[in-house]
Amino acid sequence: MIDILNLHKSFNNKKVLQGVNLHVERGETMVVIGGSGSGKSVLIKHVIGLLNPDEGSVVVDGVDISHMKENDLNELRKKFGMLFQGAALFDSLTVWENVGFGLMQHTALSKEEIRDKAKSKLEMVGLRGVEDLMPSELSGGMRKRVGLARAIAMDPQIMLYDEPTTGLDPIMADAINDLIIEMKRKLNVTSIIITHDMVSAYKICDRIAMLFEGRILEVGTADEIKKSEDPIVHQFITGSSVGPIKAV
Amino acid sequence: MFTKILTYIGSKAIKFTQEAGRLFIMFGQTLSWIFKPPVNIRNIFQQMEAIGVNSLPVVIIMGMFTGMVLAIQTYTGFRRFSAENYMGPVVALSITRELGPVLTGLIVAGRAGAAMAAELGTMRVTEQIDALETLATNPIKYLAVPRFLAGFVMLPLLTVVADAVGMIGGYLVAVHVLNANSVIYIRMSTDYLRLNDIYGGLLKACVFGIIISIVSCYKGFYTEGGAEGVGKATTGAVVYSMMLILIANYFMAALLFR
């Protein structure tokens, strides 16, 4: 479904990605872990064409998206849903307008129909009666849920999550985990999830990939990763400040 | 030492060229997206309100006092060679050709331009612009085009208001404070003022509207680095818009009014 091939990217001469290779099967949930600043967000932004690679390519459904024309890319993007780290809700629009944004832009549905659809998506993420609020009136957890509702509004086939549980309390984080699992079960989506929350990673993943110094260090199921003998992977998943990864 | 200076000049030159290039690319992209459907009427009207309607009070006060002070200054100057009768045309010409459009441009750059850059900059650093793209919506089309159109349409309209209020202010001071003859004042003004003076001023206002919207959108879109970056983008948008307005004003005056 998604093939990331030899991806290179640098910003201002700083090499962020140095040959990432990753294959994600249809319907699979791939969790990408890695330290802060390891290039996880940069990686996921390549998958939806927000960034263009310096070298290498991203192939989605057999199509190379890395140098696609904008119109074709936008057609393809309708198959995607993305949840941003800070939810990235449009703060000039109400909650339901946020959720229904894609429908408003790309379908001929009436305002009422879009509102109803937005309402049902909001219910899917466990929110009721918030349609007419502004994003600034919501708590962090609610914002993430609205962001999730917006991402699934167009019934995507591929979901990208950028640190879905970061900044949430443990209970809200687990609620988001359950939502991600439910999305996969209900909609059978292919997902790439970026996180450094290992509890969440083990719970939601089919496979985990560890990104380190711009390359994928190891890919495997939760059990395989837990048993990994690579000192870097071991240090990361056990969360120790002592080891080959320098904390400071 | 010598190479250091050269490196410094070189890097500044590269940065300047880069910024100018991006600005023109943004201008081109905005133009090319204007005519592609769908037209986002709601956004356009929202921006017209933000740029135009909300600037109205400031523009009225600015126009009124500019007209009033012009009357006083021309009166004191012209009285020295007994040309008080020409006060009317001088006030009218100064306002319609120069002060109306230029001061309106500067005020809108400070008010609406700053707001635009801050809003778009915040959208950039909170990933809202990325979110637009992931929802298969072109940010230039959705964000820049409405602001561009609103600037292009509202600046001349605001200038019309500034012109009118300015001339009224000038008249009031001339007639009621400086005791000029009302009939002569109006007669002289209408005799000497040509429609071309007004049109020329409005044409300048259109260009200023374009400058403000494109520069502010550009600064907002290319914001990086959180709250500090938004602050820098906002300052940059106001400073660049004002400088470009003053520079463009000279060249357009040289072309239009010779």
Side-chain angles (χ1 to χ4, degrees), chain A residues 11-12 41-42 44-52 68-93 97-108 111 135-136 143 146-148 150-154 156 158-163, chain B residues 11 14-15 18 25-26 28-30 32-33 36-47 49-51 54 115-116 118-147 150 220-227 229-230:
Chain A
F11 295 101
N12 302 327
S41 289
V42 173
I44 211 170
K45 282 183 177 170
H46 278 90
V47 178
I48 194 165
L50 288 175
L51 292 171
N52 280 327
M68 233 179 187
K69 281 210 185 107
E70 188 172 341
N71 282 346
D72 303 328
L73 189 57
N74 277 340
E75 266 324 297
L76 193 84
R77 279 174 178 158
K78 292 177 191 166
K79 289 189 200 169
F80 279 88
M82 179 159 178
L83 173 62
F84 286 85
Q85 199 177 338
L89 302 179
F90 306 126
D91 29 41
S92 58
L93 302 178
E97 286 170 327
N98 262 286
V99 176
F101 189 88
L103 297 166
M104 249 185 276
Q105 296 292 317
H106 305 299
T107 63
K111 222 174 163 181
S136 55
R143 291 170 70 90
V146 174
L148 189 53
R150 181 176 72 185
I152 59 171
M154 300 273 282
I158 303 164
M159 282 292 296
L160 306 175
Y161 302 86
D162 190 352
E163 307 207 358
Chain B
S11 68
I14 290 173
K15 195 157 178 266
Q18 208 177 28
I25 290 172
M26 179 124 191
Q29 284 178 331
T30 309
S32 74
W33 276 102
K36 287 181 198 163
V39 183
N40 200 326
I41 300 286
R42 180 177 134 169
N43 276 13
I44 296 176
F45 277 108
Q46 265 176 358
Q47 291 307 319
E49 188 189 350
I51 296 174
N54 295 346
M116 232 186 261
E119 187 189 357
L120 296 179
T122 308
M123 288 185 78
R124 166 60 75 199
V125 298
T126 56
E127 296 185 309
Q128 290 178 51
I129 293 183
D130 285 339
L132 270 180
E133 286 196 68
T134 64
L135 293 163
T137 303
N138 182 291
I140 301 262
K141 167 89 186 159
Y142 186 77
L143 297 170
V145 166
R147 285 166 174 78
F221 269 62
Y222 285 91
T223 301
E224 43 188 38
V230 175

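Just the heavy atoms: all of them, side chains too, but no hydrogens, waters or symmetry mates, feed the values below. What you see is a predicted model, and the numbers here were worked out from it, not measured in a lab. Note on naming: letters A, B, ... go to the chains in the order of the sequence lines (proteins, then strands), and numbering restarts at 1 for each one.
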For [X], which atoms come within 4.5 Å of any heavy atom of chain B: side chain, backbone, both, or neither?
X	value
Leu83(A)	neither
Leu73(A)	neither
Phe90(A)	both

Separation of Leu93(A) CG from Arg42(B) CZ (nearest 0.5 Å)
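If I round to the nearest 0.5 Å, the distance is 6.0 Å.
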Would you give the length of the straight line joining atom OG of Ser92(A) to atom CG of Asn43(B), rounded to the nearest 0.5 angstrom?
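Ser92(A) atom OG to Asn43(B) atom CG measures 7.5 Å (nearest 0.5 Å).
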Listed by chain and number, what are the side-chain hydrogen bond (donor to acceptor under 3.5 Å, both in side chains) partners of Asn54(B), not counting sequence neighbours?
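With sequence neighbours excluded, Asn54(B) shows a side-chain hydrogen bond (donor to acceptor under 3.5 Å, both in side chains) to no residue whatsoever.
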Crowding at NZ, Lys69(A) (>12 non-hydrogen neighbours, <6.0 Å)
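Atom NZ in Lys69(A) is not crowded, with 12 or fewer foreign heavy atoms closer than 6.0 Å.
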Tell me, yes or no, whether the heavy-atom count around Phe45(B) atom CZ, taken from other residues, nucleotides or ligands under 6.0 Å, exceeds 12.
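Counting other residues, nucleotides and ligands, CZ of Phe45(B) stays at 12 neighbours or fewer.
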Top contributor to chain B interface from Arg150(A), Met82(A), His106(A), Lys78(A) [non-hydrogen pairs under 4.5 Å]:
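Option with the greatest count: His106(A).
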Side chains of Gln105(A) and Asn40(B) in contact at under 4.5 Å (non-hydrogen atoms)
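Yes - at least one pair of side-chain heavy atoms lies under 4.5 Å apart.
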Is a salt bridge present between Lys141(B) and Glu70(A), judged by a nitrogen-to-oxygen distance below 4.0 Å?
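Salt bridge flag = no for Glu70(A) with Lys141(B).
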Proximity of residues 130-137 of chain B to chain A, residues having a non-hydrogen atom under 4.5 angstrom:
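So far as heavy atoms go, Asp130(B), Ala131(B), Leu132(B), Glu133(B), Thr134(B), Leu135(B), Ala136(B), Thr137(B) are the residues that approach chain A to under 4.5 Å.
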